[in-house]
Q: 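Encoded as structure tokens, here's the structure I'll be asking about.
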Amino acid sequence: MVWDEVLDGVQWILGCRNSISFSNHSWLSSGSILKDMVVEDIPSNLIHKPIDQMVGNDGSWNLNEVLHLLPHSAPLEIAGSPTPSPLPV
């Protein structure tokens with residue numbers, strides 16, 4: 001089906017940074033959802049955390065609080081994903 005081929009090339013553009021959940025939405029290029037990949041339960045303070053709160057002041061991913069939860073391949077995939085666009089002023 002043509003739609004399946006289109007979906008293979010789809011990647012999120014993380015412009016709506018405060019409404020995308022870091023662990024609950026499929027924003028990775030593989031289509032994976034982080035909550036389905038974790039090696040430990042996600043603490044309640046992180047489960048609904050918006051993706052914009054996972055980006056440091058310098059605009060790079062800040063994964064310190066979740067690295068221990070993820071399989072070894074996940075940080076590489078996240079690092080290869082663009083960070084959300086800054087919110088307009």
Side-chain angles (χ1 to χ4, degrees):
M1 176 181 267
V2 174
W3 187 246
D4 292 333
E5 291 179 32
V6 171
L7 289 176
D8 283 342
V10 170
Q11 184 174 3
W12 279 66
I13 297 174
L14 301 173
C16 194
R17 57 191 269 152
N18 60 355
S19 65
I20 299 171
S21 169
F22 182 74
S23 60
N24 291 315
H25 287 130
S26 173
W27 57 270
L28 292 169
S29 60
S30 67
S32 299
I33 298 173
L34 288 173
K35 73 174 183 163
D36 297 336
M37 300 171 61
V38 294
V39 295
E40 290 182 32
D41 289 339
I42 301 173
S44 59
N45 65 319
L46 297 176
I47 193 72
H48 297 293
K49 195 167 194 170
I51 201 165
D52 67 333
Q53 293 182 15
M54 301 305 292
V55 177
N57 292 334
D58 64 354
S60 64
W61 290 110
N62 181 6
L63 303 177
N64 294 335
E65 64 184 326
V66 296
L67 279 178
H68 68 284
L69 303 172
L70 302 172
H72 296 294
S73 61
L76 294 174
E77 186 174 2
I78 294 168
S81 300
T83 57
S85 304
L87 292 173
V89 182

Q: What pairs with Asn62 under side-chain contact (heavy atoms from CB on, under 4.5 Å), at least two apart in sequence or on another chain?
A: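 Counting only residues at least two positions away or on another chain, Asn62 forms a side-chain contact (heavy atoms from CB on, under 4.5 Å) with Asn64.
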Q: Who pairs with Ser60 by side chain to side chain donor-acceptor pair (under 3.5 Å), at least two apart in sequence or on another chain?
A: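 Counting only residues at least two positions away or on another chain, Ser60 forms a side chain to side chain donor-acceptor pair (under 3.5 Å) with Asp58.
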Q: Sort and list the pairs that fulfil salt bridge (Lys or Arg N to Asp or Glu O under 4.0 Å) and have at least one residue in residues 32-47, not counting sequence neighbours.
A: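 Pairs touching residues 32-47 that pass the test: none.
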Q: Count I, L, V, M, F, W, Y as connected when their side-chain heavy atoms are under 4.5 Å apart, and connections chain through other members. Are Leu63 and Ile33 then in the same cluster?
A: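 In one cluster with Leu63: Ile33, no.
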Q: Give, for atom CG of Leu46 and atom CE of Met54, the distance between the pair rounded to the nearest 0.5 Å.
A: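 The distance works out to 6.5 Å.
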Q: Excluding sequence neighbours, so at least two apart, what forms side chain to side chain donor-acceptor pair (under 3.5 Å) with Ser21?
A: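 If we apply the side chain to side chain donor-acceptor pair (under 3.5 Å) test to Ser21, skipping adjacent residues, the hits are Asn24.
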Q: For a quick test of reading the model, state the closest non-hydrogen atom pair linking Gly31 to Ser26 and the distance between them.
A: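 Residues Gly31 and Ser26, closest heavy atoms: O-OG, 2.8 Å.
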Q: Donor-acceptor pairs under 3.5 Å, side chain of residues 66-79 to any protein atom, not counting sequence neighbours: which ones?
A:
{"residue": "Glu77", "atom": "OE1", "partner": "Ser30", "partner atom": "OG", "Å": "3.3"}
{"residue": "Glu77", "atom": "OE2", "partner": "Ser30", "partner atom": "N", "Å": "2.9"}
{"residue": "Glu77", "atom": "OE2", "partner": "Ser30", "partner atom": "OG", "Å": "2.7"}

Q: Fit a plane to each ring of Trp61 and Trp27, take the angle between them on a 0 to 90° scale, and name the class: parallel (under 30°), tilted (30 to 60°) or perpendicular (over 60°).
A: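 Geometry flag for Trp27 against Trp61: parallel rings.
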Q: For the pair Ser23 (side chain) and Leu34 (backbone), establish whether a donor and an acceptor sit closer than 3.5 Å, ignoring hydrogens and angles.
A: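 Absent.
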